[in-house]
Amino acid sequence: MNCEKKESCGIFGVYSKIGHSVSFRIYNGLVALQHRGQDSAGIATSDSKKIRIMTGVGLVSDIFNRESVESLSGSIGIGHVRYPTIGGCTKEDAQPLLVHSPKRGIALAHNGNIANYSKLVSELSIQGRMVSSSCDAEVILHIFASAYEQTHDFFNAAKICMEKIDGSYATVLITGEGDLVAFRDPHGIKPICFGEDAEKVIFASESVALDMNRMRLGGFLAPGEVAVVSKGTMKRKVVLQKQPAHCMFEYIYFARPDSNIDGKIVYEVRVELGRRLAKSSPAKADIVVPVPDTARPAALGFSEASGIPMIEGLMKNRYVGRTFIMPSQAKREDAVNLKLNAVRHLVEGKRVVMIDDSIVRGTTSRPIIEMLRHAGAREVHVRITCPPVVAPCFYGVDLPTYSELIAANHSVAEIAKKIGADSLAFQNFNDLAESIGLGDKICAGCLNGKYPTKTGEELAKKLKKEGGKLKGCRIWEEELG
Ligand code: AMP
């Protein structure tokens, strides 16, 4: 069994009202969303007769070239980038996924993670619908296709999906007959925004993908909202809404700082996180140094609020990918040294406040601190913009289980010792919520163990009872084995 079906990805969908080919727009959108997934990518288009699809493993620019993008003809389409997971991914798991009926086929892509995946796979197999990939997008696709066959209504089909599926899913799909549909789970866990002008409608995980296509941000799908673009007209309807629970990790780490997620500019949230950290956990230091790139706006905020100058004392090699793709702990540590370099003449003899976005396993902080000391830093005080991550995520953020989460098993003082920091402080929950500014409309399951869905709660309980990892898989994946 493939242990990796977690899907924290990027999605894009476009409908040209004037019949123009959309494949280059999708390509642009996927390049803008590349930070959300470097494992695989794919594009599906429809010319109202047939769906064309191309997927591959790797970066968008490695998979597609001018000819292949051009060959994807059609005036509506969707695209997907898939997040890297330990153990890699096969082409079969790349999205969009396709079924051949009804309506000359449906191609679908989603961002999120289905928490009750195994239950739904069993239900589908009883109905004679076999799930052939380890992608949870296939489950959404089967449920949607079968619901559409019965109801002949996109809104009802999406509503049936929402009633059955427990988890996070920002979804885009096209039909072979030329419709574009987008929907967001009833808690709105994963982001999806849209824009519309006289010529086109676009949906995307993040607003940067609209910017890239010179499209103004029109809004965000509400939790439980469905948008259907058919015959050149968009209709939107909330079909099932529960307590909103937007993933706070989008603001901490995932999203690009130039994106607007659910009405909040990620850059501004991060600057504010830094300002508040400076007030709640000041440090006596000479310079503020961000761990690039995510923590840079926060370091600016910290510097502004503390009056300590921000210096780029750590430089990043931009050709090395995100360190989480490294399969083992040792390799992840090596990767830190490949990726970052401390600038001796900037940090030598200085007391440094090092700002980073999160500590998950606690692997990367220690070598970075060592690197700063090796370059002559006199003291290293670590300030983290996210509160301690103490619980797993069942909704698509690739966080490990309790046993691997350093903050689930150690006090702040113990973590400081383990990573070799002179002092360590995390953001407090209140300041996090205030910085995001969405009140109680955030999902912080990984910080407080309170999950917005029933299956999330059940899985957390089971996971605690059975002691975390089973045979190298996470428990909700093991259930399938
Ligand atoms: P760790 O070494 O496990 O503590 O990793 C923490 C670092 O990994 C943080 O500085 C983040 O920049 C990054 N990170 C945090 N969460 C994730 C995630 N779900 N996927 C990839 N990278 C992450």
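For ligands, and for the atoms within them, numbers begin at 1 and follow the listed sequence. Values below: all heavy atoms of this structure, side chains included; hydrogens, waters and symmetry mates excluded. Position 1 is the first residue of the sequence, and the numbers go up from there.
Against a heavy-atom cut-off of under 4.0 Å, T364 is close to the following atoms of ligand 1: 1 (P), 2 (O), 5 (O), 6 (C), 7 (C). Atom numbering of ligand 1 starts at 1 in the shown order; those under 4.0 Å from a heavy atom of D357 are 9 (C), 10 (O), 11 (C), 12 (O). With ligand atoms numbered from 1 in the order given, ligand 1 contributes 19 (N) to contacts under 4.0 Å with heavy atoms of D398.
Rounding to the nearest 0.5 Å gives a distance of 11.5 Å between OG1 of T455 and CD1 of I165. Going from atom CD1 of I287 over to atom CE of M310 covers 11.0 Å, rounded to the nearest 0.5 Å.
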Step by step, would you call R276 with E272 a salt bridge (charged side-chain N to carboxylate O under 4.0 Å, His left out)? CA-CA 6 Å; R276 286 178 180 258; E272 183 60 19; 2.8 Å; yes

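Between the side chains of N260 and S207, no donor-acceptor pair of N or O atoms lies under 3.5 Å.
Listed for the Q95 side chain is no donor-acceptor partner under 3.5 Å among the backbone atoms of H80.
Of all the heavy atoms of T363, the ones lying under 4.0 Å from any atom of ligand 1 are found in both the backbone and the side chain. Here Y83 has side-chain heavy atoms under 4.0 Å from ligand 1, and that is the only part of it that gets that close. At a heavy-atom cutoff of 4.0 Å, ligand 1 is contacted by the side chain of D356 but not by its backbone.
Ring-plane geometry between F249 and F254 is classed as perpendicular, the angle between the planes exceeding 60 degrees on a 0 to 90 degree scale with a lower cut at 30.
Heavy-atom separations between V397 and ligand 1 include at least one value shorter than 4.0 Å.
Comparing heavy-atom distances from atom 6 (C) of ligand 1 across P292, P367, G362, S358 singles out S358 as nearest.
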Without placing hydrogens or testing angles, list every side-chain donor-acceptor pair under 3.5 Å for residues 436-446, not counting sequence neighbours.
none

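Considering both main-chain and side-chain atoms, I359 never comes within under 3.5 Å of ligand 1 through any nitrogen or oxygen pair.
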